Amino acid sequence: MTRFNNLMDDMKEALTLSHRYKSLFLPALIANLIMVVLGFIMIFVIIFFVMGTIMSLTASQANWTYLISIGVITVLLILFFSLIFMALDLGINSIVIGSVNGEKPSAKLFFKGIRTFFLKVLMTKIGLFFLYTIGFILLLIPYLLYLVTVGVLTGGYGILFVTCLLQAFLGSWTLLLMENEDHPISGFTSVGINLKFGKNYFWLLILVFFIQLQLTAYLPGLFGLLGATLATLFISYVVATVFKIVVLLTYRRYKENLELK
Amino acid sequence: MKGHNFNKILKLFDYFKIAFQLNLSNKQLYKPQIAFLVIRGLLIISSAFALLSIGDKMIHLTSMDFNRFVGLFWSEFQGIPMLLTLVTILVMVLGSTYVESGLYHMFYRAYKGELTAGDFSTGAGTYFFKFLGGNILIILFWILALIPYLISGILTLTIGFTLIPIIVSTFLLVWKASLVTDQTTLGDAFKNSYRFSKTNFIPTMTFVVIKNAMTSIASGGSGGGSSNISQMTNNTNTFFQDMPSDFPSQDLPFSNSFFNYDILKLFVIGITTLITVGTIITGLIQMLFNIYFGLATIVLYNEGWVLEEITTETLPTLEIPIEEVLS
């Protein structure tokens, strides 16, 4: 009960902050522009790939060097852009923390966050990637079973619940890592804090991410087909930024209960 | 003006707090819908079985003669199966309005802190025909507005398709709340609803968007049901959604040379049960949101943003005493 009231207060404050510092949403715009560029590049890559396949077929002998090089380019592009989006995320975290502290969002703050935390987060993410892969392989069959039973029976809510679950336990460790800047912690400690956060404030965080996901799914549709195709990423980043503030405020509120021993 | 609207939007979250508190302290609000869901599930299953039993007899038809098919179906259909099907359809169409009219009265009584056991039947008795009339009027409005709606939707590059229903449901948000609060006629309720939304257009629309986003069918976090019927009629449970999507009557005899009929029958029974259970579970989850936002609508209409002015610059402090909310 108190937690729900506190959450509503945090949402009010998050809205007030985003109303005051509109530049918080500049990175969202950048993300959307990058995505449009990426979309164009991917179209070209696909065209080249299709052309290569057709040429190989007509020549009745596959031109493997051509196809492989396109594959390599695709993988490199994906890596490059995921690094860019990771950096963007760190920058957003940085200005979010700044704005909650009462600093006006600025490019300086944005890049400071990226500079300070890029390597640490990257290393943790690579470590987590292996854990995720193991977890994925182990949980794939139970998850598929879950999908066809609970997922079908609950009309999609079961699947949404799993997404909320993942977000609640693993969705905000970078934010928490950067929040604890004054006494630095390692990446995996931050993941630990996030897990504890998710465990101790389970329903609260599930609710936060449920609201975020539902809004992200619903809002782009408001602006017609054009809005849905061009502005989806912008809107989802805007929603994500506001909810980063909410998560941060919630974390600060309950911080003393979340110290790792 | 803009800051004014923003403060009103912030105030929404206080109404959400009140609604949550009301929700927690009045658990009996869930009873009517749970009972309704169970009745609906039982009716779907029993009419499915009745239709299946007809299928049992008709399986002996060897050739596809349409007249014989219809004749046999009709002779078997008369009696209990027909009664069951009629009752099911009637419950589907009218039941949700009946439950809703009782519930809204309960919401209002809960808001006043005077909720008692007989409130559901009192509310349903008093408001059922008004709610029904209002819903029919809204459906008629949409039928009349269909052509202009389509045209304006296309002219605005499909933005109108989603925005117009939202604007309409903004103006129609509180008529049910007005009916149970002011105990007026239907016409006055619509007028009140229009006036309320006109004076607080942006905040009310924000409420509608939040409500629609939360109650839209879960989509696994990607994509999204952008518009559904319930947002047009502003109905807690539109009967369109509740129609059983598989009526086993479709799986009638012509397959007997290809399939083992018993396996087919088992399959149909399984699917019907699965869908019924699924409908009930999804209905239960949706019920939580419907009741919550119904309560929030009542709170919204009764509190109505007649509150002291706060400036944009004063941040809401982190510690708002809970007593303030509870009172």
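Keep in mind the model is a prediction, meaning the values are calculated, not measured. Each chain gets a letter, A, B and so on, in the order its sequence line appears, and its residues count up from 1.
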Worksheet entry | Reported CD1-to-CG distance for the pair B:Ile9 and A:Leu15, which is rounded to 0.5 angstrom | 7.5 Å
Worksheet item: To the nearest 0.5 Å, what is the distance between CG (A:Asn5) and CG (B:Asp14)?
Response: 9.0 Å
Worksheet item: Counting only heavy atoms not in A:Leu140, do more than 12 sit closer than 6.0 Å to its CG atom?
Response: yes
Fill in: Interatomic distance, B:Asn7 atom CG to A:Lys12 atom NZ [nearest 0.5 angstrom]
10.0 Å
Item to complete: List for me each residue that meets salt bridge (Lys or Arg N to Asp or Glu O under 4.0 Å) alongside A:Arg252, sequence neighbours excluded, and say none if there are none.
Response: A:Glu179
Worksheet item: Between B:Tyr292 and A:Phe4, what is the ring plane arrangement, given parallel below 30°, perpendicular above 60°, and tilted in between?
Response: perpendicular
Discussion item. Tell me if the NZ atom of A:Lys104 is crowded by more than 12 foreign heavy atoms within 6.0 Å.
Written reply: no
Item to complete: Might you point out which heavy atoms bring B:Leu10 and A:Thr16 nearest each other, and give the distance in Å?
Response: CD1-OG1, 3.6 Å
Discussion item. With rounding to the nearest 0.5 angstrom, report the NZ to OG1 distance, B:Lys17 to A:Thr2.
Written reply: 11.0 Å
Worksheet, complete the sentence: Counting heavy-atom pairs under 4.5 Å with chain B, the top scorer among A:Ile211, A:Leu215, A:Thr232 is A:Ile211
Discussion item. Does any backbone or side-chain atom of B:Leu24 lie under 4.5 Å from a heavy atom of chain A? Answer side chain, backbone, both or neither.
Written reply: side chain
Discussion item. Let me confirm one number: the OH-CG distance from A:Tyr157 to B:Leu284, rounded to the nearest 0.5 Å.
Written reply: 11.5 Å
Discussion item. Report which part of A:Leu7 has an atom under 4.5 Å of a heavy atom belonging to chain B: side chain, backbone, both, or neither.
Written reply: neither
Worksheet item: Above 12 or not: heavy atoms from other molecules or residues under 6.0 Å from CZ of A:Phe202?
Response: yes
Worksheet item: Which pair of non-hydrogen atoms, one from B:Ile166 and one from A:Tyr218, has the smallest distance, and what is that distance?
Response: CD1-OH, 3.4 Å
Worksheet item: Between atom CZ of A:Phe223 and atom CG of B:Leu163, what is the distance when rounded to the nearest 0.5 Å?
Response: 7.5 Å
Worksheet entry | Under the salt bridge (Lys or Arg N to Asp or Glu O under 4.0 Å) test, residues paired with A:Glu181 that sit two or more places apart | A:Lys112
Worksheet item: Near A:Met35 CE, under 6.0 Å, is it more than 12 heavy atoms from other residues, nucleotides or ligands?
Response: no
